[in-house]
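This report refers to the structure that appears directly beneath it.
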Amino acid sequence: MSWSADTLTRARDIIARYPEPRSAVMPLLYIAMREEGHLTDDGMRQVGELVGLTPAQVRSVATFYVMYKTEPKGKYLISMCTSISCFLMGADDVLHALEEASGVPAGESDGVIAVEHAECIGACGGAPACLVNYELVEGLSVSKAAELVEWLRNAQPDAINTDELQTLFGGDTSFDWAIKENNSAIGPYPAFPPFGTAERNTDALEPNRSRPL
Amino acid sequence: MSRFPLVITKRMTEYPSDSHTLDRYLATGGYEAARTALGRTREELVELVKESGLLGRGGAAFSAGLKWSFLADPRPAYLVVNGDESEPGTFKDRQLLERDPHQMIEGIIIGSWANQVHHAFVYIRGEYPKPARRVQQAVADAYAAGYLGKNILDSGYDLDVTVHLGAGAYICGEETALLNSLEGRRGEPRLKPPYFPAAKGLYMMPTIVNNVETIANLPHIIEHGAEWYQSLSDCEDTGTFMMSVSGHVKKPGNYEVVHGITWRELIYDIAGGMRDDNDLKAWVPGGASAPWFVPDLHLDKPITKAACADDGSMLGSGAVIVMDHTTDMVAAAERLVRFFAEESCGQCTPCREGTTWLDMILQRMLHGAGREADLGLLYDVSDNISVGMGWPPKQTTICPLGPSAVSAVKSLLEHFRHEAEAHIARATHPETRPAVPVTIRRGA
Amino acid sequence: MSAEIRITIDGQDLHVPGHQVLIHAAQDNGVYIPRFCWHPRMKPVGMCRMCLVEIEGPRGRMLVPSCTQPIHQGMVVHTQSETVKKAQEGVLEFLLANHPLDCPVCDKGGECPLQDQTMAHGPGESRFVEEKRHYEKPIPISDLVMLDRERCILCARCTRFSDEISGDPLIEFQDRGNATQVNTFPDEPFASYFSGNTVQLCPVGALTATPYRFRARPWDLRAIASTCSICTAGDSITVQSSQNQVLRYLGVDNDATNHGWLSDKCRFGFEYLHAEDRLTAPLVRGPDGELHETDWATALSYAAAKLTEIISKRGGGAVGGLGGARGTNEDAYAFAKFMRVAVGSNHLDAQMDDGLDPQFLAALAGKGTIGDLESAKTILLWAADLKEEYPTLYLRVRRAAQELGARLIVVHPRATGLDDRGTDVIRYRPGQGAETLRELAAGEGEFAAVRAALDHGPVVAIVGRTGLTESPKLAEAVAAFARDLPDASVLPLARRANTYGALDMGVAPTLLPGRAPVSGIGCANLVESWGGVPEGSGRDCRRMLEGLQDGSLAALVMVGADPVSDVPDGAMAASALEAAEFIVAVDLFLTESSRHADVVFPALGFAEKEGTVTNLEGRVQKVNRVVPGAGQSREDWSILDDLAMRMDRPIHLASAEQISKEIAHVAPAYEGVSWDLVTWDHPDGAVVPLEAPRAPLEYVPVMADAPKPRASAFVLHVARTLYDAGVVCSRGMALKDLAPGAAAHLTPGDAQSLGVGAGGVVRVVSGDVEADLPVVIDDSLTPGVVYVPFNQPGGPHLGHELAVTVEAV
Ligand SMILES: Cc1cc2nc3c(=O)[nH]c(=O)nc-3n(C[C@H](O)[C@H](O)[C@H](O)COP(=O)(O)O)c2cc1C
Ligand code: SF4
Ligand code: FES
């Protein structure tokens, strides 16, 4: 498969933001993930063509970074931090709860939900914490983790909004999040323009929205 | 509220709902410092920052002004803001990026002008999409308002800023790995010498790499002067700085403090003391790389660069990980070592093989398959990564990541050897392979 | 180059060149610091950490990797301290932690630095009780290379080589940390012309060569130093054999030529020596019209009698001699002497109508060396695609452009392997080379910058025919232009291993030994030894073939010549051989050409005989014998000497060594070139200090060779590829399937107007020859050009005419 004219334009715009085309490899890999949900061989070839690298070179770069997934991860990727601060606050139990509730062992995917352990995600003050499609939830507990999985499974939201998740399933945060934003992730890759941000209806983010169970 | 003067967290504390917007930034005197700076010469600015005593906040605590003065002659030169923040325990840059992005952008303008840079980069770790969105919005707003782009603030000076997202690699926080990553390569640290990217950095051109917090301080130093900055603390480490406190304290979080307070003040006053009023067992003083401190020896020591160094550790990224008496120190050490084993770039033999080996031994001990020989082995493997196991390390590796894994092992063996011995004594099937296969887990 | 500085290593005061890294300086002074990743021809990466040593610094001793450590005045180094030993043993233990213990079945066993280090310093017993890393055991990553990731120690030598040196980064590190592995992209094999170098570079048995796997153990191998004779670069090699079989070539680092590298064709191109159809006895055509094996005496007497008969009837001028470029200088000398003295003919040519004027080549002798590339500021490359035809020279040019910053100007009708490093890439339509040269020389328009660069030397111009339909006059004109630049050296490129040696020995219609013109035999020694030579210039290859066709020549002596495969117009060559009255061939095989012969003598091949060869710079190097030849094969010189004796025109040759002395005697330039010039520690050989003949290189008027425009006419470009249907590739198991195959390359536009796509078939018609070829889309061509690779298995010989027609089938 090859990219649409639109996507190619976006890719060329990104290349133009750097002094050298090769620098755009990482952003283009995110685009490739967004195009097909994960990094395919064709996606890597396409990136290589755009920046002037062999596919082997592109793959070499891509596999260095854990956020690029060369295997399909389904719709929701839950990355549970198990590094020291989260570990101290019970992250292993939470990871276990995620695995139990989803029936997906860490490192695997059932086509809808994927669970993985992650190293420190910079949420140590709100430990234990996880990312859902790279959007943060802090102050998790064993029970909330199970609820989170259930909700994903039942509601199957099209977009993942960090503030919504935090409201529904989070607890203590690393610092005051202050306000809610409506940018959301629409797949297991970061919601950072131009890699696939969706705007969520902010009404949905009201804290007193009843929690589906 | 804080009993210290708030500098870089002031705006977000006073105006929590919109501290990240351009309007609020301008309403609170924003971009005035940039205007002032553009009226000064490079030499004046480098001198000012040197005099302020501002130390890098990324971990190495190197004088920012001095680093700038190393900038080599060839052009173009680049400024790269290090927002990769991945050191376990650290989450301060996340707050600065998310809650006050214009403060950093103004710092970028100042730093860029001072270093004759026309293209600056902000490297934000991939796991921070929300902070990255805020920064990107702020950059867009700054462009639109004429603070970035061509002829900024009518000064004739052009500056472009590119926001770059990492993709899950702690090692990209190491500045030369970060530059490789920014060049579209594997994030492997480069060889030293050259010791500073200021000589040869991005695209082999002179490059200044500074931490987000370091950069965020610049507008304040320009606005209030070097003397003011020095006067904020009454010890040799000037200014305020952010400490991220996590673990078994009542109030984990980021705290803007001044150097010179004691660990007791930080843990018991500022962070609210131990959860459930448990006993404090140990803490990691400056990010996962730092050798641990224990209450008997260190609780009343001041939090300064020099005091930490004297005690064989460091302030590093300002991340304090607090452990209470319920903590299994072998498990804690394993978790720290595992982090480095997973995040090793894999270039150098001792780090690639040694950190994994250490982790395997510790995991085996935790799984009840520890052996008598393991403590000696832990010691020796560590010693072969970091000769003498001291800090700063005498490393056999290219960068300090490998030796960072040793810090936890060394701390374990030094302060909690009996716990390790107890694990071995409890071993249910010593001298055998672990029942649980020990494999290094990776992302995809 | 920096000045000498003083350092102290283990208490010993040394003076070393300041630009070296510590490990190199130590090595040059006899201090061996163990290492795995460092290689003197690649940038240091400091990854394996085996080379740690201590240096004294302001804060006491510091452990540093000696492979990345620059040296400085007064540096004090300790390579044997307890700390160093502990650190090195530690690294070794780490490397062994995940290394399989399969040395007994590993190809590298016995020549493995890791094994050696372990024997010397390794831990007696492994303290690593955990489970080792597991990967699928050897996986083929190309037709020639297997990869065993469990053995890999991640030194990055292979990945660096393919990225930094050969410029085809197809093998790369994948994943990270402890999971790091070397691999190719799925479904994209390591199809590099240079992949074999990574096998040689690999310090362990992770990369192995399919042709060598499990063939021998190092301690069973016999090895000798020699010189590769596939292209004309003169690459230094080691030839290794066991039980009278050549098993392996290794590149030898020669500063002057190959820097230790070899192309895969050279590295694996020895299997033909042991091919089943190798000739083992003389053949004579019997009354039944078939060739039959016979004994030497019968074959020699028969050939002598026939030649004598033809000479006495029609004169020596009725006999032509083709070949001589595939053997040694001694063989070539024997051929020249045989033709001129025993036969009495000047019709003698080592080139197969695909080269350059011998006098022109002689005029340029000594005008440049490969080493000039190291200091070149500008390189003008207007010749064959070096990657296809001169692979190690390609690496040297790539290095000059990529690592040393030379400005590279590539002029060629289509994309070449060096375009990615070219500062200026100029493409032209075959036939319009003269026009392009004129514009370039005038610095008109877009050529202004290029022209200016050429005035800022040092310039190295590499000049040759870009293809077989291109007039050799163009290369001559380019060379003439380049020679007159302010500060330029010129390297003219001819094809086939020892063409330069053959020309030096007088295997050319217009030259005598020592590159002296036939017209004026100037050397008294030559007169004395040869007793005079026939008058007038002889015929070149094409004119000899024409002569055979029209009957003006009656007989042909071919020494290692295969005109039917090698001349552009193979069909014409075949009909010429068909028409000949009598043909004698000296060959290793019955080729498309030698099968036409009436007598075929089996010759010794490479690695089966001793002698000297001369490369494109005029560098004379040695080739050596390591295996006996097949069957009753003999050296070319000895066959020719015997033949001459039986013709009653003895040429008095006794041994290769004696011949080399005779050469030194009759060709003054070879005076200093002694027989024992190549030894293990002295692989550079000697450059023949040959003065170009006094007469300056004549300006050759550039002919306007543009074809007359014809409706629907295309212009044909024909060029060689590294792998083709030649003997080396077609008779080696390793290489026989690697030729790209015959095809017609067309621009996307031309293909579209012809109504064909990639893989479709077009008919290319050149004169009487027509061929149906699959289409390859090639957007590097100029519209209206069709490129057909030469000498492909089953492919056509389309001749040397530019104008062809192309139509869809
Ligand atoms: C393994 C390793 C990880 C690092 N990670 C970070 C990081 O996440 N963020 C950071 O700012 N600096 C990090 N550093 C420090 C940087 O290399 C560099 O010193 C710093 O960005 C310079 O900025 P500063 O002088 O403003 O502190 C790391 C260093 C090492 C050795
Ligand atoms: S110490 Fe570890 S992380 Fe650092 S360069 Fe070496 S292998 Fe990479
Ligand atoms: S040879 Fe120096 S680190 Fe490998």
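Throughout, protein chains are lettered first and strands after them, A, B, ... in sequence-line order, and every chain is numbered starting at 1. No hydrogens, no waters, no symmetry mates; every other heavy atom, side chains included, goes into these values. Just so it is clear, the structure is predicted and the values come from calculations on it, not from any experiment.
- Once rounded to the nearest 0.5 Å, the distance linking CG of L154(C) with CZ of R352(B) reads 4.5 Å.
- Applying the 6.0 Å contact sphere to NE2 of H456(C) captures no more than 12 heavy atoms from other residues, nucleotides or ligands.
- The number of heavy-atom neighbours closer than 6.0 Å to CG of D310(B), taken from other residues, nucleotides and ligands shown, is above 12.
- Among the candidates L95(C), I153(C), T83(C), the residue making the largest number of heavy-atom pairs closer than 4.5 Å to chain B is L95(C).
- Of all heavy-atom pairs spanning G46(C) and I398(B), the tightest one is O-CD1, 3.4 Å.
- Pairing each heavy atom of P350(B) with each of V91(C), the nearest pair is CG-CG2, 4.2 Å.
- Neither the backbone nor the side chain of R190(B) comes within less than 4.5 Å of any heavy atom in chain C.
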**Pair F173(C)-Q347(B), side chain to side chain contact (heavy atoms under 4.5 Å, CB included): steps then yes or no** = CA-CA 10 Å; F173(C) 277 170; Q347(B) 282 192 94; over 6 Å; no

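- Between R176(C) and C345(B), the shortest heavy-atom contact is CG-O, 3.8 Å.
- Only the side chain of L191(B) comes within less than 4.5 Å of a heavy atom of chain C; its backbone N, CA, C and O stay farther away.
- For the options E93(C), E172(C), Q69(C), E89(C), heavy-atom pairs under 4.5 Å to chain B are most numerous at E93(C).
- For a residue to count as touching a neighbouring chain, one of its non-hydrogen atoms must lie under 4.5 Å from one of that chain's; by this rule T355(B) does not touch chain C.
- To the nearest 0.5 Å, atoms OG1 (T349(B)) and CG (N98(C)) are separated by 11.0 Å.
- With a 4.5 angstrom heavy-atom cutoff, Q181(C) does not touch chain B via any of its atoms.
- Between Q363(B) atom CD and E130(C) atom CD the span is 9.5 Å, to the nearest 0.5 Å.
- No more than 12 heavy atoms of other residues, nucleotides or ligands lie within 6.0 Å of NZ in K394(B), so this atom counts as exposed by the packing criterion.
- Residue E353(B) is tested with R133(C), R49(C), K132(C) for a salt bridge (Lys or Arg N to Asp or Glu O under 4.0 Å); the sole match is R133(C).
- Expressed to the nearest 0.5 Å, how far CZ of R127(C) lies from CG of D380(B) amounts to 4.5 Å.
- For chain C, the nearby parts of E343(B) are the backbone and the side chain; heavy atoms of each come within less than 4.5 Å.
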**Prompt:** After noting the C-alpha distance and the side-chain angles of R186(B) and T180(C), does the key distance pass the side chain to side chain contact (heavy atoms under 4.5 Å, CB included) rule?
**Reply:** CA-CA 12 Å; R186(B) 293 162 67 81; T180(C) 308; 3.8 Å; yes

